[in-house]
Amino acid sequence: MTDETCQWQGWREATERALYGPGGFYLRPEGPAGHFRTSVHASPLFAGAVARLLHEVAEELGSSEVDLVDVGAGRGELLTGVLAATAGSGLTVRPVAVERAGRPAGLDPRITWTDRIPPGVRGLLFANEWLDNVPTDVAEADATGTARYVEVRPDGTERLGPPVSGPDADWLSRWWPLSEPGSRAEIGRPRDQAWALAVASLSAGRAVAVDYAHLHAARPPFGTLTGFRSGREVPPAPDGTCDLTSHVALDACGALPAADGDAGRSPGAGGDSGRLPGAELVTQREALRRLGVSGGRPPLALASTDPAGYVRALASAGEAAELTAPGGLGDFLWLTQRVPAASG
């Protein structure tokens with residue numbers, strides 16, 4: 001095997017190394033917030049909405065003590081915000097950050113920091129923009145329409161590799177068929193598996209995945225793999241200098257049974273949607289509306305009776321508008337999976 005051959009890898013392996021290997025992008029001190037903005041960073045209204053969701057889960061469980069597990073926690077920003085939003089509410093929150101980077105200095109000591117989702121979660125597991133960074137292989141249809149793995153070098157140069165086979169081929173056939181030469185797809189099976197394991201960690205409560213996503217009826221013809229660095233979109237290159245991300249086939253994630261012992265097995269094609277019982281897909285705009293974040297402007301009369309209050313309300317409305325904007329964060333999808341408490 002030559003040195004040149006060693007440089008070629010499938011996108012899944014190359015992304016794993018570039019993001020999470022030694023010196024990887026997500027292990028850098030600045031963290032994700034140094035390169036891009038998520039809903040968590042856009043406004044404290046997002047943490048407030050998650051806090052209200054946590055209260056709903058606690059009520060469903062009939063408990064004033066509840067777990068909050070943040071998967072892909074970054075530097076703990078969401079947990080910090082939720083703890084602030086629930087202070088004095090009578091709700092006891094057991095916060096857990098799941099993140100492969102090290103614990104940041106100065107983090108609230110109440111937050112448990114771990115690189116693995118703990119078992120037996122009773123409460124809310126929340127994964128904001130986590131699944132899009134679970135590495136996947138990329139497939140492209142060659143001149144004959146055969147789906148082949150795309151191989152890549154650290155500088156982003158690509159070539160077609162062997163035909164896609166086995167469970168990956170089954171996944172493409174079910175969720176993202178390729179036939180037109182040049183059409184591409186991210187093979188989302190590792191994300192299905194990751195979500196299944198996350199849901200399986202719940203003993204009772206809800207698991208929520210929030211991400212930019214697409215559904216079977218409108219898959220992008222050339223995939224969505226891209227890079228981000230310092231707030232700007234850049235060509236994807238697995239060299240450790242940029243984020244590597246792609247939209248998530250959340251409908252496929254929701255159709256893989258969380259309790260299935262063989263998480264890698266392709267789900268059957270039966271049924272209209274194939275979704276898990278209790279699973280729901282809605283836009284972030286709708287999810288936040290249900291939690292009291294709408295982006296509506298305050299009444300103009302408030303400017304006369306309470307000018308300072310009007311200014312604060314107007315600023316809050318602007319932040320809410322960003323979180324719910326069509327064509328932006330508002331079009332993110334929320335996949336929710338409910339796990340009821342065992343009876344008896």
Side-chain angles (χ1 to χ4, degrees), residues 16 20 26 40 47 50-51 53-74 76-79 82-83 86 91-101 103 107 110-136 188-211 213 248-265 267 275-281 287 333-344:
E16 175 70 27
Y20 306 111
Y26 271 98
V40 177
V50 174
L53 180 60
L54 190 61
H55 276 282
E56 289 183 8
V57 173
E59 290 177 6
E60 290 173 358
L61 297 177
S63 175
S64 61
E65 298 185 4
V66 66
D67 297 324
L68 174 58
V69 179
D70 182 12
V71 186
E77 298 95 336
L78 177 61
L79 290 175
V82 172
L83 287 174
T86 55
L91 185 66
T92 300
V93 181
R94 296 184 292 265
V96 179
V98 181
E99 178 59 61
R100 295 173 70 169
R103 182 186 183 97
L107 187 68
R110 292 174 292 176
I111 298 175
T112 298
W113 195 270
T114 178
D115 63 354
R116 297 176 185 274
I117 299 175
V121 175
R122 186 175 176 84
L124 175 64
L125 180 143
F126 199 84
N128 183 60
E129 295 196 41
W130 167 54
L131 288 172
D132 64 273
N133 286 124
V134 173
T136 68
R189 195 168 61 88
R191 294 171 174 175
D192 297 353
Q193 294 172 332
W195 179 246
L197 290 172
V199 174
S201 75
L202 281 173
S203 64
R206 299 189 205 176
V208 179
V210 181
D211 237 307
V248 182
L250 271 182
D251 48 350
C253 294
L256 187 64
D260 194 331
D262 179 10
R265 191 176 67 193
R275 293 182 188 171
L276 289 163
E280 180 188 40
L281 270 171
L333 292 183
W334 286 41
L335 170 61
T336 298
Q337 172 69 46
R338 289 173 169 82
V339 176
S343 59

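Within the 4.5 Å cutoff, no side-chain heavy atoms of Leu68 are placed close to those of Val57. Taking the side chain as every heavy atom from C-beta outward, Thr92 and Val66 never approach each other to under 4.5 Å. Counting heavy atoms from C-beta on, the side chains of Ile117 and Leu197 never come closer than 4.5 Å. In this structure, Val208 and Leu335 have side chains that are not in contact, with every pair of non-hydrogen atoms separated by 4.5 Å or more. Put simply, the side chain of Val210 reaches to within 4.5 Å of the side chain of Phe126, judged on heavy atoms.
The only member of Val40, Val93, Asp70 that meets side chain to side chain contact (heavy atoms under 4.5 Å, CB included) when paired with Leu79 is Asp70.
Residue pairs meeting the salt bridge (charged side-chain N to carboxylate O under 4.0 Å, His left out) criterion with at least one member in residues 110-124, sequence neighbours excluded: Asp108-Arg110. Residue pairs meeting the salt bridge (charged side-chain N to carboxylate O under 4.0 Å, His left out) criterion with at least one partner in residues 59-68, sequence neighbours excluded, are Glu60-Arg206, Glu65-Arg94, Asp67-Arg94.
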With side-chain contact (heavy atoms from CB on, under 4.5 Å) as the test, would you mind laying out the steps for Val71 and Glu99 before giving the verdict? CA-CA 7 Å; Val71 186; Glu99 178 59 61; over 6 Å; no

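With sequence neighbours excluded, no residue satisfies ring pair (Phe, Tyr, Trp, His ring centres under 6.0 Å) with Trp130. Partners of Pro118 by side chain to side chain contact (heavy atoms under 4.5 Å, CB included), not counting sequence neighbours, listed by chain and number: Val69, Val96, Val98, Val121. Remark: Arg191 pairs with Ser246 by the side-chain hydrogen bond (donor to acceptor under 3.5 Å, both in side chains) rule, at least two apart or across chains. Asp211 is linked by a side chain to side chain contact (heavy atoms under 4.5 Å, CB included) to Glu129, Leu131, Asp132, Val248, counting only residues two or more places apart in sequence or in another chain.
Using the six-membered ring where Trp is involved, Tyr26 and Tyr20 have ring planes that are parallel, under 30° apart on the 30 and 60° scheme.
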